[in-house]
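Please read the structure below before turning to the comments.
All values derive from a computational prediction rather than experimental measurement. Position 1 is the first residue of the sequence, and the numbers go up from there.
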Amino acid sequence: MAVVVWVVEGTWPACVDAARAHAPEGAEVVLLHVTGHDVADAAHGAFAGLLGRGHPERDPGNRVEHLAAASAESLLQAAAERLGRPCTRVERTGRVEREVVAATEGADLLVLARDGDRARLGPHSLGPASRFVVDHAACPLLLVWPEPAPGLTTMPPPPPHHR
């Protein structure tokens with residue numbers, strides 16, 4: 001069995017705990033982190049537009065890329081330690097939702113956490129990237145709450161009845 005655990009800042013402990021609880025012993029566990037390219041691209045673009053391209057060594061986008069890589073490595077290390085069993089760590093860069101979906105090819109399970117409005121039940125508990133992944137993943141999903149789920153009283157009312 002191949003299990004992909006989507007490691008995201010703020011929600012990763014719940015995903016790792018779910019993988020520990022639900023992935024059978026001997027399962028191949030992949031801890032996946034995806035760094036979006038948008039922040040570094042914006043820094044590169046701002047530098048090129050404001051200061052020209054004559055001094056690439058001063059491009060702040062390079063520093064942003066290095067900081068993102070270091071952060072991802074640290075996050076994956078913490079997740080691997082929490083998992084407490086053999087795993088593979090994978091860092092990808094690109095459009096987050098598409099990279100996560102691509103990583104599910106051949107997997108038997110994807111573990112991810114709700115990342116939207118977690119104060120109430122309902123569709124808004126998923127952010128845009130997670131919604132895309134839920135709709136397009138190439139394997140079954142285990143969707144977890146990063147903290148205790150809100151009560152049933154937070155569920156939106158049903159739509160008005162049409163006759």
Side-chain angles (χ1 to χ4, degrees), residues 1-43 45-46 64 67-68 71-85 87-163:
M1 174 176 222
V3 178
V4 176
V5 180
W6 185 11
V7 175
V8 177
E9 184 70 45
T11 62
W12 68 268
C15 293
V16 170
D17 292 348
R20 245 188 10 234
H22 297 288
E25 286 299 318
E28 176 190 343
V29 178
V30 174
L31 300 175
L32 171 69
H33 181 273
V34 181
T35 300
H37 56 74
D38 49 345
V39 175
D41 285 353
V64 170
L67 289 170
S71 176
E73 185 178 325
S74 174
L75 201 58
L76 287 170
Q77 177 64 35
E81 289 172 7
R82 187 175 183 114
L83 183 63
R85 63 193 230 191
C87 62
T88 303
R89 292 181 252 172
V90 174
E91 167 60 26
R92 292 179 151 206
T93 303
R95 294 214 32 186
V96 174
E97 64 276 12
R98 293 191 176 273
E99 292 296 327
V100 173
V101 169
T104 65
E105 185 174 11
D108 297 299
L109 180 67
L110 170 65
V111 181
L112 72 154
R114 294 177 182 274
D115 61 348
D117 177 5
R118 298 190 307 258
R120 62 187 58 78
L121 299 172
H124 296 291
S125 67
L126 292 175
S130 294
R131 170 55 60 200
F132 184 93
V133 170
V134 165
D135 290 343
H136 296 89
C139 66
L141 306 166
L142 175 56
L143 181 60
V144 300
W145 287 92
E147 61 276 320
L152 291 178
T153 58
T154 67
M155 190 168 24
H161 183 65
H162 298 296
R163 293 185 195 243

Practice problem: Taking the side chain as every heavy atom from C-beta outward, state whether V111 and V4 have any pair of such atoms under 4.5 Å apart. | Solution: no
Practice problem: Look at the side chain of R20 and the backbone N and O of R82, then say whether any donor-acceptor pair between them is shorter than 3.5 Å. | Solution: yes
Quiz item: So do the side chains of L109 and C139 get within less than 4.5 Å of each other, counting heavy atoms only?
Solution: no
Quiz prompt | Pairwise distance CH2(W6) to OG1(T104) - rounded to 0.5 angstrom | solution = 11.0 Å
Self-check item: Side chains of M1 and P24 in contact at under 4.5 Å (non-hydrogen atoms)
Solution: yes
Practice problem: Check whether any side-chain N or O of T154 sits under 3.5 Å from a backbone N or O of L121 as a donor-acceptor pair, and report yes or no. | Solution: yes
Self-check item: R89 with E91: basic N within carboxylate O range, under 4.0 Å
Solution: no
Quiz item: Side chains of T88 and V29: closer than 4.5 Å at any heavy-atom pair?
Solution: no
Self-check item: Minimum heavy-atom distance between A119 and P150, given as atom pair plus value
Solution: O-CB, 3.5 Å
Quiz item: Do L143 and L112 come close enough that some side-chain heavy atom pair is under 4.5 Å?
Solution: yes
Quiz item: Is a side-chain donor or acceptor of R92 paired with a backbone partner of V34 at a separation under 3.5 angstrom?
Solution: no
Practice problem: For the residue pair L32 and V100, establish whether any side-chain heavy-atom pair is separated by less than 4.5 Å. | Solution: yes
Quiz item: For atom CZ of R85, is the number of surrounding heavy atoms from other residues, nucleotides or ligands below 6.0 Å larger than 12?
Solution: yes
Quiz item: Between NE2 of H124 and CZ of R118, what distance do you get to the nearest 0.5 Å?
Solution: 15.5 Å
Quiz item: Under 4.5 Å between any side-chain heavy atoms of V5 and H33, yes or no?
Solution: no
Quiz item: side-chain contact (heavy atoms from CB on, under 4.5 Å) between T11 and W145: does it pass, once the steps are laid out?
Solution: CA-CA 8 Å; T11 62; W145 287 92; over 6 Å; no
Exercise. State, to 0.1 Å, how close A27 and V3 come at their nearest heavy-atom pair, and which atoms those are.
Key: CB-CG2, 4.4 Å
Exercise. Report yes if the side chains of V30 and E28 come closer than 4.5 Å at any heavy-atom pair, otherwise no.
Key: yes
Quiz item: Cut-off 3.5 Å, side chains only: do R114 and S125 have a donor facing an acceptor?
Solution: yes
Quiz item: Does A2 offer a backbone N or O that forms a donor-acceptor pair with the side chain of D108 under 3.5 Å?
Solution: yes
Exercise. Supply the atom-to-atom distance L31 CG to W12 CH2, rounded to the nearest 0.5 angstrom.
Key: 9.5 Å
Quiz item: Within the distance-only criterion (no hydrogens, no angle test), does the side chain of T35 pair as donor or acceptor with the backbone N or O of T93 below 3.5 angstrom?
Solution: no
Exercise. Please check if the side chain of S130 supplies one atom and the backbone of G127 the other of a donor-acceptor pair under 3.5 Å.
Key: no
Exercise. Quick one: closest heavy-atom pair of P146 and A14, and the distance?
Key: CA-CB, 3.5 Å
Quiz prompt | Q77 and E81 side chains, donor-acceptor separation under 3.5 Å | solution = yes
